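Fair warning: this is a prediction, and the values are worked out from it, not measured in the lab. Residue numbers start from 1 in every chain, and the chains themselves are labelled A, B, ... in the order their sequence lines are given, proteins ahead of strands.
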Amino acid sequence: MVQEPNVCAQARALLGAVIYGYDGAIARITEVEAYDGPNDPASHAFTRTPRSALMYGPPNRLYVYRIHGHHCANVVTSAAGLGSAVLLRAGQILDGYDAARARRGDVPEQLLGRGPGNLAKSLGITMADLGTDLLVPPGIVVDRSPTLAGDERIATGPRVGVRLAADRPWRYWIADHPTVSAYRRHPRA
DNA sequence: GTTTAGATCAACT
DNA sequence: GTTGATCTAAACG
């Protein structure tokens with residue numbers, strides 16, 4: 001059994017936070033996954049390269065990667081060069097629907113930010129945002145001050161689509177929230 | 001050796 | 001029909 005690393009608490013703390021994207025698109029984070037750098041085979045930071053060094057640097061930076069033609073956004077959380085980061089898997093769009101739909105297409109509101117690729121697309125996040133300071137405009141900004149509502153609970157389970165370390169329950173989401181995507185295990189996990 | 005673009009297909013809607 | 005911390009190979013330096 002692997003003990004829960006600090007990044008898991010960081011991940012849970014990001015639920016309910018608000019992320020400001022481009023052209024007025026704003027989302028409330030509803031689903032996240034924790035990645036524990038060198039101790040986590042599923043993390044891109046598991047192998048240290050100049051690219052992954054970003055996750056070993058100062059926290060509150062944006063780490064972006066491509067997958068299947070989409071972009072996925074992560075918040076670097078390590079405070080002491082631990083290489084940990086939190087993947088933003090889903091969010092509820094709060095404002096800027098026109099901008100989000102211009103990028104995502106005419107889909108129902110709750111599907112705009114459902115899934116990491118879709119959330120990044122709604123907000124307009126691309127590789128150009130790699131390394132952005134999330135506390136300082138311009139660019140993508142995250143406001144951690146909003147919290148969960150009194151009747152909202154945090155659910156947990158295995159991370160979606162990871163082949164390695166597929167059983168670590170480091171995915172967190174707001175229970176019963178309509179924007180949260182379904183669990184899919186990697187075929188070869 | 002690293003990074004990025006493009007693509008596959010099992011699972012989900 | 002859609003999606004994606006996979007996978008391969010081309011594009012860097």
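Across all strands, A:Asn118 comes closer than 4.0 Å only to sugar-phosphate atoms, never to a base (heavy-atom distances). Residue A:Arg89 is classed as a sugar-phosphate contact, given heavy-atom separations below 4.0 Å to backbone atoms only.
Put simply, NE2 on A:His44 is 15 Å from P on B:dT2, counting in whole angstrom units. A:His71 has its NE2 atom 10 Å from the P atom of B:dG6, to the nearest Å. For the pair A:Glu31 CD and C:dT3 P, the computed distance is 14 Å after rounding to whole Å. Whole-Å rounding puts the A:His70 NE2 to B:dT8 P distance at 14 Å. Per the geometry, CG belonging to A:Leu164 stands 10 Å off C1' belonging to C:dT6, to the nearest Å. Rounding to whole angstrom units, CG of residue A:Leu54 and C1' of B:dT2 are separated by 15 Å. Put simply, CE on A:Met127 is 17 Å from P on B:dT2, counting in whole angstrom units. Distance, A:Arg103 CZ to C:dT3 P: 15 Å, rounded to whole Å.
Annotation: side chain of A:Leu164 is not in contact with side chain of A:Phe46 (no heavy-atom distance under 4.5 Å). Between A:Val107 and A:Leu112, some side-chain heavy-atom pair lies under the 4.5 Å cut-off. Proximity of A:Ile174 to A:Gln92: side-chain heavy atoms (C-beta onward) are nowhere separated by under 4.5 Å.
Atoms CG and OG1, from A:Asn6 and A:Thr77 in turn, are 7.0 Å apart once rounded to the nearest 0.5 Å. How far CD of A:Glu31 is from CZ of A:Arg171: 4.0 Å, rounded to the nearest 0.5 Å.
The side chain of A:His68 lies closest to C:dG4 when the candidates are C:dT3, C:dG4, B:dT2. Which of C:dT3, B:dT2, B:dT4 sits closest to the side chain of A:Pro50 comes down to B:dT2. Side-chain proximity of A:Arg104 to C:dC7, C:dT3, B:dA5: nearest is C:dT3.
For B:dT3, one of the phosphate oxygens OP1 or OP2 lies less than 4.0 angstrom from a side-chain nitrogen or oxygen of A:Thr49. Taking 4.0 angstrom as the limit, A:Arg188 places a side-chain polar atom (N or O) nearer than this to OP1 or OP2 of C:dC7. Look at A:Arg66 and you won't find any side-chain N or O under 4.0 angstrom from OP1 or OP2 of C:dT6.
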Distances under 3.5 Å between nitrogen or oxygen atoms of protein and nucleotides 11-13 of chain B:
from	atom 1	to	atom 2	distance (Å)
B:dA11	N3	A:Arg184	NH1	3.4
B:dC12	OP1	A:Tyr183	O	3.1
B:dT13	OP1	A:Arg114	NH2	3.2

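Along DNA chain B, the nucleotide nearest to A:Ile67 and the one nearest to A:Leu130 differ in position, and the one closer to the 5' end is contacted by A:Leu130.
Scanning both residues, A:Tyr22 and A:Arg103, for their nearest heavy atoms gives O-NH2, 2.9 Å. The two residues A:Leu148 and A:Leu15 have their closest heavy-atom pair at CD2-O, 3.6 Å.
Residues A:Val7 and A:Leu134 fall within the same hydrophobic cluster, defined by Ile, Leu, Val, Met, Phe, Trp and Tyr side chains chained together at heavy-atom separations under 4.5 Å.
Base pairing in DNA chain B yields stems of at least 3 consecutive Watson-Crick or G-U pairs, both distances under 3.5 Å, namely B:1-7 with C:6-12, B:9-12 with C:1-4.
Under the 3.5 Å distance criterion, the side-chain polar atoms of A:His68 are left unmatched by any main-chain donor or acceptor of A:His70.
A salt bridge does not link A:Asp36 to A:Arg168: none of the charged nitrogens lies less than 4.0 Å from a carboxylate oxygen.
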